[in-house]
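Note sheet for the following structure.
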Amino acid sequence: GDITAETLMSILRDKESGICVDTEGFRTAGSMVSVLPRDPSLPCVHFFTATPDPSRSVFKPFVFVAGIKPAPQVRSPSFPQDPAKQIPRFQRSVDRRHELYRRHQAALELMEQDRERGQQLLETLQELEKQGLEGMRELL
């Protein structure tokens with residue numbers, strides 16, 4: 001009864017346990033926490049990082065509804081001459097990173113190069129996450 005979305009987010013960010021990995025060329029690819037109310041009339045709320053390394057990411061709330069349109073910032077680009085669909089395949093490479101991932105990479109660089117500004121950015125992200133959690137509580 002004491003496990004909350006925040007508890008699970010904290011677990012997914014735990015580097016000491018090995019759950020959150022950011023070493024040896026491998027990173028946790030993305031993380032998700034779902035809140036599934038017992039009341040079937042209430043929506044399920046899912047929190048996604050959509051970026052690697054949850055310790056330096058924000059969990060963003062999402063509710064699945066009919067007719068939803070994906071946010072363009074988390075949609076990988078498409079290519080008219082996609083090398084994955086041409087034969088022979090993969091003769092050239094393309095950048096498939098979506099905008100949110102590219103911005104996350106820039107934020108990671110900032111956090112590593114300028115600790116003070118990086119910490120400020122992380123605090124801003126944590127505040128946005130807190131607002132998403134508060135919005136979920138109001139909704140449910």
Side-chain angles (χ1 to χ4, degrees):
D2 294 329
I3 295 180
T4 64
E6 292 93 336
T7 303
L8 293 171
M9 290 172 188
S10 174
I11 290 169
L12 290 170
R13 289 180 167 132
D14 186 11
K15 289 188 183 251
E16 287 184 29
S17 70
I19 290 174
C20 180
V21 180
D22 188 21
T23 58
E24 301 171 21
F26 178 80
R27 275 196 180 133
T28 300
S31 296
M32 177 180 134
V33 171
S34 295
V35 177
L36 311 173
R38 292 180 186 197
D39 181 345
S41 68
L42 295 173
C44 297
V45 181
H46 308 277
F47 290 85
F48 298 94
T49 59
T51 52
D53 193 353
S55 72
R56 298 188 285 183
S57 297
V58 60
F59 283 85
K60 295 159 281 304
F62 186 84
V63 176
F64 289 93
V65 294
I68 191 78
K69 294 181 181 173
Q73 296 86 354
V74 295
R75 202 171 193 171
S76 294
S78 59
F79 303 92
Q81 301 295 318
D82 192 332
K85 297 177 182 175
Q86 293 180 328
I87 297 181
R89 293 177 47 154
F90 301 108
Q91 295 301 298
R92 62 184 175 87
S93 62
V94 292
D95 187 356
R96 296 185 186 279
R97 298 175 301 162
H98 56 68
E99 181 182 344
L100 180 61
Y101 183 87
R102 288 193 316 271
R103 289 179 183 247
H104 177 75
Q105 293 301 101
L108 291 181
E109 287 178 26
L110 175 68
M111 289 177 191
E112 291 168 359
Q113 293 172 1
D114 184 339
R115 298 259 187 227
E116 187 177 324
R117 286 183 59 212
Q119 185 59 37
Q120 290 172 348
L121 176 60
L122 189 57
E123 289 170 10
T124 299
L125 291 174
Q126 291 168 343
E127 180 57 36
L128 289 170
E129 183 176 280
K130 189 185 299 184
Q131 289 174 21
L133 289 160
E134 290 169 5
M136 175 205 59
R137 284 187 202 87
E138 289 174 15
L139 177 67
L140 300 180

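These values consider heavy atoms only, across backbone and side chains, with no hydrogens, waters or symmetry-generated copies.
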**Asked** So, does Glu129 use its side chain to make a donor-acceptor pair with the main chain of Phe59 at under 3.5 Å?
**Response** yes
**Message:** Looking at His46 and Ser34, would you say the former's side chain and the latter's main chain have a donor-acceptor pair under 3.5 Å?
**Reply:** no
Nearest 0.5 Å please: distance from the [atom1] atom of [X] over to the [atom2] atom of [Y].
X: Arg13; Y: Ser57; atom1: CZ; atom2: OG; value: 7.5 Å
X: Gln131; Y: Met136; atom1: CD; atom2: CE; value: 14.0 Å
X: Gln126; Y: Leu121; atom1: CD; atom2: CG; value: 10.0 Å
X: Phe47; Y: Leu133; atom1: CZ; atom2: CG; value: 4.5 Å
X: Cys20; Y: Asp14; atom1: SG; atom2: CG; value: 8.0 Å
X: Lys60; Y: Leu125; atom1: NZ; atom2: CG; value: 8.5 Å

I'd like to know whether [atom1] of [X] has more than 12 heavy-atom contacts from other residues, nucleotides or ligands below 6.0 angstrom.
X: Lys15; atom1: NZ; answer: yes
X: Arg92; atom1: CZ; answer: yes
X: Gln91; atom1: CD; answer: yes
X: Arg96; atom1: CZ; answer: yes
X: Ile68; atom1: CD1; answer: yes

**Message:** As a test of understanding, state which of Arg115, Gln120, Arg117 forms a side chain to side chain contact (heavy atoms under 4.5 Å, CB included) with Leu110.
**Reply:** Arg117
**Fill in**
The side chain to side chain contact (heavy atoms under 4.5 Å, CB included) partner of Leu12 among Thr49, Ile19, Thr7 is Ile19
**Prompt:** Could you walk me through whether Glu112 and Arg56 pass the side chain to side chain contact (heavy atoms under 4.5 Å, CB included) check?
**Reply:** CA-CA 11 Å; Glu112 291 168 359; Arg56 298 188 285 183; 3.3 Å; yes
**Request:** Could you give me the CA-CA distance, side-chain angles and deciding distance for Gln119 and Glu123, then say whether side chain to side chain contact (heavy atoms under 4.5 Å, CB included) is met?
**Result:** CA-CA 6 Å; Gln119 185 59 37; Glu123 289 170 10; 3.3 Å; yes
**Request:** Please work out which of the three classes, parallel, tilted or perpendicular, describes the rings of His98 and Tyr101, given edges at 30° and 60°.
**Result:** perpendicular
